Asks: 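First the structure, then my questions, so here it is.
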Amino acid sequence: MAKSYRAIRHDVVREKQKHNANEVHHPKEKIEQIEKILKDKRNLKIVEFFAGQGNLTKTYEKYANANEVECYDKKLKTGDSYLLFHKLIHEKRKYDVIDLDPYGFPNRFLPDIFLLIEDGYMFITMPKPYVNILNGITQQHLTCYFGEFNPSLNTILEKIKLYALCHWRDSEVLDVTDLGRLWRIALRVKRVKATEYTGIRNR
Ligand SMILES: C[S@@+](CC[C@H](N)C(=O)[O-])C[C@H]1O[C@@H](n2cnc3c(N)ncnc32)[C@H](O)[C@@H]1O
């Protein structure tokens with residue numbers, strides 16, 4: 001059966017991803033956002049999941065403690081991020097900056113990724129559901145995480161805020177950069193006291 005135009009375009013995007021093409025990775029826009037948010041911060045503990053060939057790592061190094069960034073990428077055999085973040089939680093690691101830059105949806109990191117941060121920043125790549133070919137599995141996956149198979153940006157941001165609160169982190173959206181087929185979301189994340197947040201005192 002002949003492929004639809006959308007399916008062919010999808011294949012073209014995949015091929016460009018394979019070759020680290022700037023038009024699918026958008027390093028310039030991502031770097032601009034990182035620099036805008038981190039500005040004069042230094043000596044940060046930074047982890048990059050899906051670090052790829054390091055388009056963002058060089059920028060993060062400027063802000064990192066001893067200029068060292070913890071980087072994980074399956075293709076480079078430095079770790080499967082989906083599994084590894086559980087290990088880092090188990091080890092009680094904490095970071096000032098977390099970068100989540102997968103090709104697909106980052107949903108599987110929610111809500112537990114917030115356990116890795118007490119007071120810091122998170123940069124998340126989120127594909128726009130409505131520009132993608134959503135098969136039944138992806139639709140179900142999105143429904144599980146966002147309550148609907150084709151969530152809007154607002155719904156996604158509201159749900160991310162709730163996921164952060166599952167672990168008593170307040171999250172504030174600092175920036176959303178539109179990258180065509182995806183958004184890059186920058187969050188400020190801070191641990192809050194449940195009693196203070198809810199105004200309820202423990203007896
Ligand atoms: C969007 S690219 C990230 C690019 C990188 N952040 C950059 O700006 O240069 C996604 C990366 O995720 C990697 N990847 C795919 N599955 C992975 C997994 N399960 N764990 C870690 N990395 C994975 C791919 O090898 C690819 O380099």
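The structure displayed is predicted, hence computed values, not measured ones. One-based numbering, in listed order, for ligands and for the atoms of each.
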Asks: Please identify which atoms of ligand 1 are closer than 4.0 Å to at least one heavy atom of Lys74.
Replies: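 Counting from 1, the qualifying ligand atoms are 17 (C), 18 (C), 19 (N), 20 (N), 21 (C), 22 (N), 23 (C).
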Asks: Report yes or no: does a heavy atom of Ala51 sit under 4.0 Å from some atom of ligand 1?
Replies: yes
Asks: Any N/O of Phe50 closer than 3.5 Å to an N/O of ligand 1?
Replies: yes
Asks: Decide whether an N or O pair under 3.5 Å exists between Asp101 and ligand 1.
Replies: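 Yes: some nitrogen or oxygen of Asp101 is under 3.5 Å from one in ligand 1.
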Asks: Among Asp73, Leu56, Asn55, Ile31, which one puts a heavy atom closest to atom 24 (C) of ligand 1?
Replies: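 Closest candidate by heavy-atom distance is Asp73.
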Asks: Taking only heavy atoms of Tyr82 into account, list the atoms of ligand 1 that are under 4.0 Å away from them.
Replies: 19 (N)
Asks: Kindly say whether Asp119 contributes a backbone atom to a donor-acceptor pair with the side chain of Lys190 at under 3.5 angstrom?
Replies: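 Side chain of Lys190 to backbone of Asp119, a donor-acceptor pair under 3.5 Å: no, none is there.
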Asks: Could you tell me whether the side chains of Thr59 and Glu35 share a donor-acceptor contact shorter than 3.5 Å?
Replies: no
Asks: How about Thr177 and Gln33: does a side-chain donor come under 3.5 Å of a side-chain acceptor?
Replies: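 Yes, side-chain donor-acceptor contact under 3.5 Å.
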Asks: Any atoms of ligand 1 less than 4.0 Å from a non-hydrogen atom of Asp80? List them with their elements.
Replies: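 Reading through ligand 1 atom by atom, the close ones are 18 (C), 19 (N), 20 (N).
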Asks: Given Phe109, which partner from the list Phe114, Phe49, Tyr163 fulfils the ring-ring contact (aromatic ring centres under 6.0 Å, His included) test?
Replies: Phe49
Asks: Does atom NZ of Lys41 have more than 12 heavy-atom neighbours, drawn from other residues, nucleotides or ligands, at distances under 6.0 Å?
Replies: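 Result for NZ/Lys41: enclosed.
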Asks: Numbering the atoms of ligand 1 from 1, which are under 4.0 Å from a heavy atom of Ser81?
Replies: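 So the answer, numbered in order with elements, is 18 (C), 20 (N), 21 (C).
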Asks: Going by side chain to side chain contact (heavy atoms under 4.5 Å, CB included), name the residues that satisfy it together with Glu158, two or more places apart in sequence or in a different chain.
Replies: none
Asks: Give the numbers and elements of all ligand 1 atoms closer than 4.0 Å to a heavy atom of His25.
Replies: 1 (C), 2 (S), 4 (C)
Asks: For ligand 1, which atoms sit closer than 4.0 Å to a heavy atom of Gly79?
Replies: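 Result: 20 (N), 21 (C).
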Asks: Answer whether the closest heavy-atom distance between the side chains of Asn43 and Asn65 falls below 4.5 Å.
Replies: yes
